[in-house]
**Student:** 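Just passing along the structure, written as structure tokens.
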Number of protein chains: 2
Amino acid sequence: MNKRITIKDIARELNIHHSTVSRALRNDPRVNEKTRDLVLAFAQEHEYQTNLNAVQLRGTANNAIALIVPNINHSFFSDIVSKLTNLAYEKGYVISVFQSNEKYLQEKEIINTIIQHNFAGVIVSIAKDTVNSDHFRLLEKFGIPFVFFDRVCEDINSPKVLVNNFEITFSATEHLINKGYKRIAHITGATEINVFRDRHRGYITAIQKHELEYKNPIVVTDEFTMELGKKIFSDLVDSQNTPDAIICSSIHLTMGILFETRKRAISIPTDLGLITFGNILASEIIQPQISSIEQPETEIAELSFELLEKLITDKNSLNINEDKVVKSQLIIRESC
Amino acid sequence: MNKRITIKDIARELNIHHSTVSRALRNDPRVNEKTRDLVLAFAQEHEYQTNLNAVQLRGTANNAIALIVPNINHSFFSDIVSKLTNLAYEKGYVISVFQSNEKYLQEKEIINTIIQHNFAGVIVSIAKDTVNSDHFRLLEKFGIPFVFFDRVCEDINSPKVLVNNFEITFSATEHLINKGYKRIAHITGATEINVFRDRHRGYITAIQKHELEYKNPIVVTDEFTMELGKKIFSDLVDSQNTPDAIICSSIHLTMGILFETRKRAISIPTDLGLITFGNILASEIIQPQISSIEQPETEIAELSFELLEKLITDKNSLNINEDKVVKSQLIIRESC
DNA sequence: TCTATTTTTGCACACGTTTGTATTTTTGAA
DNA sequence: TTCAAAAATACAAACGTGTGCAAAAATAGA
């Protein structure tokens, strides 16, 4: 491996000052066309690559955006990651994706890395674990703009892109009620997270509006796996309080439920109504087709990026307190 | 926002030289315990954060690993990304994920970014588009170690973690043959990519060994979507040459096939045998359960990271030409 | 108390780039 | 040919950190 070539190397080789080389490379009009061409040719031939560490040390603006998600291996997030990456690419930004693995500690360390590397901005959906938001205050302090999406820190004044979880869960629950279901369970995540709290509130509000009564209808879980879905459903069925319908916050859990209904010959939608959050790849294949609440990933990605870009280019152009709410969609299929 | 605090600020505030501060922060034994504690306390109180751009400019080693995948929004890759990220975190590395979006051009620009930011190493699976491998030579030239996994550049001398695509596809094909299927189609990706070429070879070898004859059995496609799966299968069925079995390289395509078989009342496995590559989230739910070739994501992630770490810590410790081959698994279910 | 040794701190430069200012070279008009 | 203006280049300092070496301070031994 050859040592990497620098501006000074080019300058020495061409017998000009390195400041001229710098200007030539950046197409500064002050440098003579001939020397510029000379420099560019030399740079290309020797595969010169800017040292961005030096550039950024100097304080020049950069185009690096960090994206933090709890779990890349989850179709909701991987969809958004994928879309955001393409969006950013078109606008000349480079996105680095970080996974917090649902851990506050990892999220915090990622934020530190972001500060230390001087990213231009951050788009983030927080970990389930995250109750303390000091690390986002740190980000604020260092003047790095950031935008939350989906899972947010409500006590931080930064733009947020939210999903209408309250309304859609209310509608979904009411739909089940109108279909005649009476013992409607809600399986969801920890209500410390705004997403699950909103869904919970939507569910409860509908239940109360229609004066349904049903004990312990809510199962809160930390993990979203198919195995756990099996277990939760089995426990529900084995309890005194078998539900006749379920609204489930996770596809993976829903898969477990489906597995158990097959095993136990519980018929959907006759014995059990079912609505799940999230887009199922196999939704058209699985029988019966499951009603679902589809997330507007594209809109979330676009809006998040748009807000961050505004913040990066002009921090004052944006009313920071104004949250954006995008609509998810209740698609009724055969499961209720 | 306050201006970020630097080592020099701390030095000035504490009336000592910044070199002492630097040493104190890095627990250098040459600095007095008292002054070190003083510095650390001050740093913590004022939330000092290293400027990694300065550190790296200086040439100190760093712990940033770049991971390039064609598409994050694909369970095979997102699985590996997720696992690699966690693995790296435990070892004190930070992983930035980049998505090439299956485009050579984007891949190239990502490589440039990686060079410009001086990453410590790279783990990469190349885009479908990538035929030219000059950008990897560039990486070599700049002395940044890298490891390929799954989709590789065969003309580049860097460690590769491969899947036994030839053997497993051979086995799968032979299994179908032994089950009595005679017109076995293969739906796969462009054979410029080693993965699909190996599968293709495995398939062909089995077909030839058993002296089967069947015209135009191979469908090559660039995109892996359910919609395309529907179309490809429809075309096959409508052609003179309807297959009685299919080995399909993509879950998404397989979903399309399944959809069409339902629509056309084609019975699996009676009318059509089916084996798909990839792990289906819903594999236990879909009826009939689809036989599949499951990818060893965990092993791929572990091996790739292990190889890269060796390269980073000691470039000579590794025989670069030695490729690792991990085994995928043929799981026979009800579809053949 | 004085010197030799050890411990602690300070100094100065380097990493690669950018940019305001000074200097040199070129150009054009008289 | 001469001189002012314009164009092109050179100079120098700065960004924040790390490190070899020199200097100073503290310690120990006689």
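Throughout, a chain's letter reflects where its sequence line sits, starting with A, and its residues are numbered from 1.
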**Student:** Show the numbers, then the answer: is there a side-chain contact (heavy atoms from CB on, under 4.5 Å) between A/F77 and A/E297?
**Tutor:** CA-CA 8 Å; A/F77 290 117; A/E297 285 99 347; over 6 Å; no
**Student:** Side chain to side chain contact (heavy atoms under 4.5 Å, CB included) with A/V55: which residues, sequence neighbours excluded?
**Tutor:** A/T50, A/L52, A/T60
**Student:** Indicate every side-chain donor-acceptor pair of residues 7-18 of chain A with a distance under 3.5 Å to a residue at least two apart or in another chain.
**Tutor:**
residue, atom, partner, partner atom, Å
A/D9, OD1, A/R12, NH2, 2.9
A/D9, OD2, A/T6, N, 2.9
A/D9, OD2, A/T6, OG1, 3.4
A/H17, ND1, A/S19, N, 3.2
A/H17, ND1, A/S19, OG, 3.0

**Student:** Under the side-chain contact (heavy atoms from CB on, under 4.5 Å) test against B/V161, which residue among B/I123, B/V325, B/L303, B/D323 passes?
**Tutor:**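 Only one option passes, and that is B/L303.
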**Student:** For B/I16, report the nucleic acid contact type (base, sugar-phosphate, nothing); a contact means any heavy atom under 4.0 Å.
**Tutor:**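 Counting heavy atoms under 4.0 Å across all strands, the contact made by B/I16 is with sugar-phosphate only.
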**Student:** Who pairs with A/Q106 by side chain to side chain donor-acceptor pair (under 3.5 Å), at least two apart in sequence or on another chain?
**Tutor:**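 Expected list: none.
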**Student:** For a side-chain contact (heavy atoms from CB on, under 4.5 Å) with A/K103, tell me which candidate from A/T130, A/D129, A/I110 qualifies.
**Tutor:**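 That would be A/D129; it is the only one of A/T130, A/D129, A/I110 passing the side-chain contact (heavy atoms from CB on, under 4.5 Å) with A/K103.
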**Student:** Report all side-chain donor-acceptor pairs from residues 22-37 of chain A shorter than 3.5 Å, counting only partners two or more places apart or in another chain.
**Tutor:**
residue, atom, partner, partner atom, Å
A/D28, OD1, A/R30, N, 2.8
A/N32, OD1, A/K34, N, 3.0
A/T35, OG1, A/N32, O, 2.8

**Student:** Between B/Q49 and A/N112, is there a side-chain donor-acceptor contact under 3.5 Å, judged purely by atom types and distance?
**Tutor:** yes
**Student:** List in numerical order all residues of residues 31-39 of chain B for which some heavy atom is under 4.0 Å away from an atom belonging to DNA chain D.
**Tutor:**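 Heavy-atom contacts with DNA chain D come from no residue of residues 31-39 of chain B; none.
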**Student:** What N/O pairs connect the protein and nucleotides 19-21 of chain C at under 3.5 Å? Give each pair on its own line.
**Tutor:**
residue, atom, partner, partner atom, Å
C/dT19, OP2, A/R26, NH1, 3.2
C/dG20, O6, A/R23, NH2, 2.7
C/dT21, O4, A/R30, NH1, 3.3

**Student:** How many whole angstroms separate atom CD of A/Q116 from atom C1' of D/dT17?
**Tutor:** 13 Å
**Student:** Does B/I7 reach a base, just sugar-phosphate, or nothing at all? Heavy atoms under 4.0 Å.
**Tutor:**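 Sugar-phosphate contact only.
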